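I have a structure I would like to understand better, so I am pasting it below and will then ask my questions one at a time.
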Amino acid sequence: MSARSVEDHQEHVSGLLAALHTLAPTALPLTEALGSIVSADVTSPVDLPLFRNSQMDGYAVDAESVRNTPATLAVRGVLAAGSGTPPKHLVGSAFRIMTGAPMPEGADTVIPVEDTTGVSKHAVTINRGRAAGEFVRERGSDITAGMLLVREGTRLEPRHIAALAAVGAATVITYTPPRVAVITTGAELKSAGTQLNPGEIYDSNGPALASLARANGADVVSIARSTDDPDVFRELLSYATSVADLVFTSGGVSMGDFEVVKETLQPLGAAFGHVAMQPGGPQGSAVVNEVPILSFPGNPVSTMVSFEVFARENIRRAAGLPPIASERRPLTAALRSIPGKRQFLRGRRSGDGVEPVSGTGSHLVAMMAWADVLLDIPADVTELDAGTPVSVIPLSAWN
Ligand SMILES: Nc1nc2c(c(=O)[nH]1)N[C@H]1C(S)=C(S)[C@@H](COP(=O)(O)OP(=O)(O)OC[C@H]3O[C@@H](n4cnc5c(N)ncnc54)[C@H](O)[C@@H]3O)O[C@H]1N2
Ligand code: MOO
């Protein structure tokens with residue numbers, strides 16, 4: 001691959017990842033669906049309430065018969081919630097009725113038990129009348145069949161689960177999170193929490209890429225680390241492509257003597273080259289066992305910026321998440337930028353503006369933790385005065 005602009009490489013990567021957008025949706029049992037993203041509008045198959053029922057424990061009557069109180073009425077029976085097909089109401093009589101019980105056909109009002117005096121099992125005195133319709137929950141007064149219940153793109157919260165359950169949906173159709181595998185490379189890498197020998201460092205790209213993928217809706221199915229031995233890398237790659245829809249690698253793509261990613265993937269038809277950006281210049285991509293591989297440079301900031309610029313929006317779209325829009329904010333301080341490369345500098349929102357928070361070095365992983373945006377500086381810009389509006393890319397996946 002010859003040198004490319006960021007836009008050209010974005011287009012190339014989006015082409016490689018096109019299959020992520022056609023993953024078949026998943027039908028999830030409601031009890032497992034919390035937090036998943038609904039992949040198509042859900043309309044209600046039924047009216048809610050399903051039938052006309054009482055809002056109170058009391059007596060179902062017709063309003064007309066209790067207009068003048070006190071009024072003593074014959075009680076024809078007791079209706080509990082779940083009590084089946086409702087009986088017919090006879091004008092001037094009452095049924096004792098519980099909250100949620102179907103209203104007798106023809107009754108139009110419920111008198112709460114507090115407003116009555118029991119005379120006997122078969123008679124009641126109503127002490128206060130009510131207007132027709134009071135304390136009656138009409139069929140369909142919440143939602144009617146065919147109305148929109150949950151919109152496509154909704155992240156399911158408990159209240160959505162409640163509504164779906166209420167209309168009798170046992171499952172909900174959700175986006176299938178793309179499965180992502182991460183392979184970091186480098187003989188110098190150890191896991192956090194272990195003892196380092198001289199020259200070794202902790203692997204931050206594994207946790208970084210895995211959590212970036214997860215935060216943007218992916219299902220991270222494997223995180224592995226390879227030495228610089230091509231056989232080890234090949235084996236990890238073979239496993240990763242058997243379980244994932246997309247594989248990220250980090251490191252081993254530049255000009256050194258031990259570039260295991262490049263060495264292994266190039267014979268398989270991978271493209272390696274330079275993208276006119278900093279950080280994240282060296283980039284590789286391949287398709288192995290029909291699975292797209294994105295090979296990011298090993299420097300920690302380069303890896304994270306590569307994810308943000310090339311992978312994030314593709315994963316979000318596949319997962320059903322909305323895009324994260326860039327913002328325009330005035331710089332709080334002047335800055336300089338390298339000519340010929342699009343710069344993604346680390347910045348932090350400050351009031352309505354944005355301040356640069358780090359040097360340009362792509363090893364400055366701790367400084368990046370202070371940033372909440374990337375300042376997106378075009379390739380042809382070398383100097384910007386304080387107050388100049390710049391495009392900024394939010395880093396947080398959670399809004
Ligand atoms: N002669 C040249 N050297 C380099 C060039 C170049 O154009 N000519 N480009 C530089 C740039 S820019 C970058 S970015 C890096 C990319 O190098 P690699 O992708 O081959 O990455 P490594 O050499 O494996 O590692 C680079 C750096 O990052 C550290 N690293 C690697 N993996 C991890 C990890 N998982 N966690 C934390 N840190 C990691 C590694 O120790 C190195 O310090 O190449 C430049 N060189
Ligand atoms: O392209 Mo590298 O990412 O600048 O350090």
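Sequential numbering from 1 along the given sequence is applied to the chain's residues. Predicted model, so just to flag it, every value in this text is computed and none were measured. Both counts, for ligands and for their atoms, begin at 1 and track the order of listing.
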Flag the pair Asp142 and Arg137 as a salt bridge only when some basic side-chain nitrogen lies within less than 4.0 angstrom of an acidic carboxylate oxygen.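 No, Asp142 and Arg137 are not salt-bridged.
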
Of all heavy-atom pairs between Ile393 and Arg312, which one has the smallest distance, and what is that distance? CG2-NH2, 3.3 Å

Can the ring centroids of Phe248 and Phe307 be said to lie less than 6.0 angstrom from one another?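 Here the rings of Phe307 and Phe248 have centres that are less than 6.0 Å from each other.
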
When you measure from the side chain of Tyr175 to the backbone N and O of Leu321, does any donor-acceptor pair fall under 3.5 Å?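 No.
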
Those protein residues which place at least one heavy atom below 4.0 Å from ligand 1: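 Protein residues near ligand 1 are Thr184, Thr185, Glu188, Leu189, Ile201, Tyr202, Asp203, Ser204, Asn205, Ser250, Gly251, Gly252, Val253, Ser254, Met255, Glu259, Pro282, Pro297, Gly298, Asn299, Pro300, Ser302.
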
Shortest non-hydrogen contact from Val243 to Ser222?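 Residues Val243 and Ser222, closest heavy atoms: CG2-CB, 4.4 Å.
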
How about His89 and Phe95: are their ring centroids closer than 6.0 Å? no

Do any nitrogen or oxygen atoms of ligand 2 lie under 3.5 Å from a protein nitrogen or oxygen, and which ones?
unit_1   : atom_1 : unit_2 : atom_2 : d
ligand 2 : 1 (O)  : Gly280 : N      : 3.0
ligand 2 : 1 (O)  : Gly281 : N      : 2.5
ligand 2 : 3 (O)  : Gly280 : N      : 2.6
ligand 2 : 3 (O)  : Ser302 : OG     : 2.3
ligand 2 : 4 (O)  : Gln278 : NE2    : 2.9
ligand 2 : 5 (O)  : Asn299 : ND2    : 3.1
ligand 2 : 5 (O)  : Ser302 : OG     : 3.4
ligand 2 : 5 (O)  : Ser362 : OG     : 2.2

Can you check side chain to side chain contact (heavy atoms under 4.5 Å, CB included) on Thr303 and Leu209, steps first, answer last? CA-CA 8 Å; Thr303 279; Leu209 283 171; 3.5 Å; yes

Short question: side chain of Asp47, backbone of Pro49 - any donor-acceptor pair under 3.5 Å?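 Such a contact is absent between Asp47 side chain and Pro49 backbone.
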
Has the side chain of Thr26 got a donor or acceptor atom that lies under 3.5 Å from a matching backbone atom of Leu28?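 No, because the side chain of Thr26 does not come within donor-acceptor range (under 3.5 Å) of the backbone of Leu28.
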
